[in-house]
Amino acid sequence: MRVSPGIDQLLDDAVSSQVKGAAIGLLASAASVTPDLRHDLDALLAAGFQVVSVFGPEHGFRSTAQAAESESSTVDADTGIPVVDTYRREPAEIADRVRAAGVELLLIDLQDVGARFYTYVWSMYDMLVAAGLAGVPVLVLDRPNPVGGDIVAGPMLAAEFASFVGRAPIPLRHGMTIGELARLFADLIGDVQVDVVPMRGWRREMRFGDTGLVWVPPSPNIPTAVTAACYPGIGLVEGTNLSEGRGTTTPFEVLGAPWLDARLARSIAALDLPGVAVRPTSFVPAFSKHAGTPVHGLQLHVTDTRRFDPVHAAVAILATVRCRWPDDFAWRTPFCDKLAGSAALRESIDAGGDAADITASWEDPLNAFRALRERHLLYEPGR
């Protein structure tokens with residue numbers, strides 16, 4: 001059975017009749033597609049919806065821009081509809097653009113990847129704030145969390161480390177769908193009307209491979225669902241001088257540095273981490289860190305997405321590199337602390353902390369978050 005995402009439910013007459021006729025603003029990316037791979041915008045226009053403006057997150061509405069970039073505000077070549085770039089714009093400015101376009105209802109349909117530092121959820125957060133300022137209701141079209149909705153893991157975000165890779169106090173692996181996050185964010189923001197069109201057929205323990213849907217890369221460096229399975233942990237490598245594989249065909253599945261060697265892979269393989277096999281590898285990034293330079297490190301081969309814990313794997317890798325190559329390894333501060341949500345992870349690894357002890361230290365804050373999270377879940381609760 002194929003999961004039916006929120007866009008499918010919206011296009012059903014019973015749901016669409018409630019919003020047809022409204023002047024719609026659509027926040028979406030290239031991965032905002034129906035199960036038969038029509039883009040939301042095309043499907044909505046064909047069904048008679050009145051879309052007056054589209055809004056793009058990081059990478060842009062058509063997802064042509066690289067990391068930390070976006071497409072400029074322009075006109076969509078396929079439809080002639082105005083495109084507004086929201087990336088790194090303040091909510092007040094976004095609200096002005098919403099008002100100027102005459103938007104009466106905001107639709108949000110973004111494919112999240114289940115990690116706090118993936119910026120699409122924060123584009124949604126800023127849009128919710130903007131919608132409240134503009135007095136416009138929001139309808140979020142839900143999609144699967146590709147790494148599942150049954151596991152909550154990683155460090156919490158501390159308020160003083162809030163940024164565009166984390167605006168609200170949630171853990172690194174939140175175990176929520178984007179619709180459930182919208183409900184949580186709406187409570188935190190206040191003074192914004194948010195409704196969610198839920199999926200049909202999705203269960204919390206599902207990984208993307210169980211959904212029957214086709215993976216469309218939501219951004220240039222998440223090319224496959226396996227990449228997404230690694231990202232919630234290996235994304236932490238971005239906060240160091242190691243390459244996280246940007247500039248290769250397997251970002252976040254490979255990592256390395258010019259001064260590393262096969263000892264790293266052998267050390268991590270010896271840990272016998274569940275759900276993943278590890279091998280030494282070398283590669284030359286085409287862009288980003290160490291571009292054009294041979295680097296050496298490891299590749300993660302995920303064998304079981306349910307058992308693989310990318311956050312624990314990342315902590316084990318960083319702790320090993322910090323311990324064995326202390327003169328070469330470096331943190332990219334303050335970015336590493338923004339990714340982790342506080343300085344605690346960096347300080348623990350610098351102090352020689354064991355990966356198991358570090359991850360165990362997160363349990364009390366995670367239990368508090370789990371209690372908060374329960375109130376906003378739309379599907380059968382998981383752990």
Side-chain angles (χ1 to χ4, degrees), residues 1-57 60-63 76-84 86 98 101-113 120-121 123-124 127-128 131 136-146 149 176-183 186 193-203 206 208-218 225 377-379:
M1 293 293 291
R2 187 183 67 192
V3 170
S4 181
I7 181 63
D8 256 12
Q9 311 310 310
L10 181 67
L11 293 171
D12 180 81
D13 285 342
V15 177
S16 65
S17 61
Q18 302 172 33
V19 297
K20 270 188 175 176
I24 291 171
L26 174 66
L27 173 61
S29 77
S32 305
V33 296
T34 63
D36 61 358
L37 299 180
R38 290 180 298 157
H39 192 276
D40 279 11
L41 180 57
D42 300 322
L44 289 168
L45 293 174
F49 288 82
Q50 183 186 352
V51 182
V52 297
S53 184
V54 294
F55 298 84
F61 175 68
R62 294 293 184 185
S63 301
D76 182 57
D78 289 346
T79 64
I81 292 174
V83 178
V84 176
T86 69
V98 169
V103 172
E104 298 170 332
L105 172 70
L106 277 165
L107 289 184
I108 297 177
D109 187 7
L110 293 170
Q111 177 62 65
D112 182 33
V113 299
Y120 283 2
V121 297
S123 290
M124 177 178 71
M127 185 62 83
L128 296 183
V136 174
V138 179
L139 190 61
V140 178
L141 309 180
D142 213 3
R143 285 190 177 271
N145 181 330
M176 302 177 77
T177 68
I178 197 164
E180 292 170 336
L181 282 171
R183 288 157 55 93
Q193 179 186 332
V194 176
D195 291 305
V196 178
V197 179
M199 295 175 280
R200 189 168 58 226
W202 189 76
R203 302 185 305 277
M206 281 183 167
F208 194 83
D210 305 320
T211 65
L213 299 172
V214 175
W215 181 260
V216 176
L377 300 183
L378 291 165
Y379 312 91

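Computed from heavy atoms alone, side chains included, the values below leave out hydrogens, waters and symmetry copies.
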Original post:
Rounded to the nearest 0.5 Å, how far apart are CG of Leu26 and CD1 of Ile7?
Top reply: 8.0 Å
**OP:** May I ask you to check whether over 12 heavy atoms, not counting those of Arg200, lie within 6.0 Å of atom CZ?
**Re:** no
Original post:
Between Leu141, Asn145, Asp142, Val196, which is the residue that forms a side-chain contact (heavy atoms from CB on, under 4.5 Å) with Ile178?
Top reply: Asp142
Original post:
Is the shortest heavy-atom distance from the side chain of Gln9 to the side chain of Ser4 under 4.5 Å?
Top reply: yes
Subject >> Which atom of Tyr120 lies closest to which atom of Pro57, heavy atoms considered >> reply: CE1-CG, 3.6 Å
**OP:** First locate atom CE of Met127, then atom CG of Leu110, and finally report the distance between them rounded to the nearest 0.5 Å.
**Re:** 9.0 Å
Subject >> Non-hydrogen atoms of His39 and Ala28 that approach each other most closely >> reply: CE1-CB, 4.4 Å
Original post:
Does some side-chain heavy atom of Met206 sit less than 4.5 Å from a side-chain heavy atom of Pro144?
Top reply: no
**OP:** Measure the spacing between CG of Leu106 and CG of Leu27 and express it to the nearest 0.5 Å.
**Re:** 8.0 Å
Original post:
Counting N and O atoms only, with roles assigned by atom type, does the side chain of Glu180 sit under 3.5 Å from a partner on the main chain of Leu377, one being a donor and the other an acceptor?
Top reply: no
**OP:** Carefully, step by step, assess Arg2 and Leu213 under the rule side-chain contact (heavy atoms from CB on, under 4.5 Å).
**Re:** CA-CA 7 Å; Arg2 187 183 67 192; Leu213 299 172; 3.8 Å; yes
**OP:** Could you tell me whether Arg143 and Asp112 have a side-chain N and a carboxylate O separated by less than 4.0 Å?
**Re:** no
**OP:** Of all the heavy-atom pairs spanning Pro218 and Ala31, show the shortest one and how long it is.
**Re:** CA-CB, 3.6 Å
Subject >> Distance (rounded to the nearest 0.5 Å) between Leu41 CG and Asp78 CG >> reply: 8.5 Å
Original post:
Is there side-chain contact between Gln111 and Ser29, with at least one heavy-atom pair below 4.5 Å?
Top reply: no
**OP:** Report the distance from atom CG of Leu139 to atom CD1 of Ile24, rounding to the nearest 0.5 Å.
**Re:** 8.5 Å
**OP:** Give the C-alpha distance, both sets of side-chain angles, the deciding distance and a yes or no for side-chain contact (heavy atoms from CB on, under 4.5 Å) between Ser53 and Val84.
**Re:** CA-CA 7 Å; Ser53 184; Val84 176; 3.8 Å; yes
**OP:** Check whether any side-chain heavy atom of Phe49 sits under 4.5 Å from a side-chain heavy atom of Leu10, and report yes or no.
**Re:** yes
Original post:
Is there a side-chain contact between Ile81 and Leu45 (heavy atoms, below 4.5 Å)?
Top reply: yes
**OP:** Grab the two heavy atoms, one from Thr34 and one from Ala43, that are nearest each other, plus how far apart they are.
**Re:** CG2-CB, 3.9 Å
**OP:** Output, in order, the C-alpha distance, side-chain angles, deciding distance and verdict of side-chain contact (heavy atoms from CB on, under 4.5 Å) for Val140 and Val194.
**Re:** CA-CA 7 Å; Val140 178; Val194 176; 4.3 Å; yes
Subject >> Taking every non-hydrogen atom, the tightest pair across Ala30 and Val216 >> reply: O-CG1, 3.8 Å
**OP:** Compare all side-chain heavy atoms of Leu128 with those of Ile108 and state whether any distance is below 4.5 angstrom.
**Re:** yes
Subject >> Trp215 to Pro146 - nearest heavy-atom pair and separation >> reply: CZ3-CB, 3.8 Å
**OP:** Could you tell me the separation between the CD atom of Glu104 and the CD atom of Gln50, rounded to the nearest 0.5 Å?
**Re:** 7.0 Å
Original post:
Taking C-beta and beyond as the side chain, do Thr211 and Met199 meet within less than 4.5 Å on heavy atoms?
Top reply: no
Original post:
Where do Val98 and Phe55 land on the side-chain contact (heavy atoms from CB on, under 4.5 Å) test, with the steps shown first?
Top reply: CA-CA 9 Å; Val98 169; Phe55 298 84; 3.9 Å; yes
Original post:
Out of Val197, Leu44, Asp40, which one pairs with Leu11 under the side-chain contact (heavy atoms from CB on, under 4.5 Å) rule?
Top reply: Leu44
Original post:
Is there side-chain contact between Asp195 and Pro137, with heavy atoms separated by less than 4.5 Å?
Top reply: no
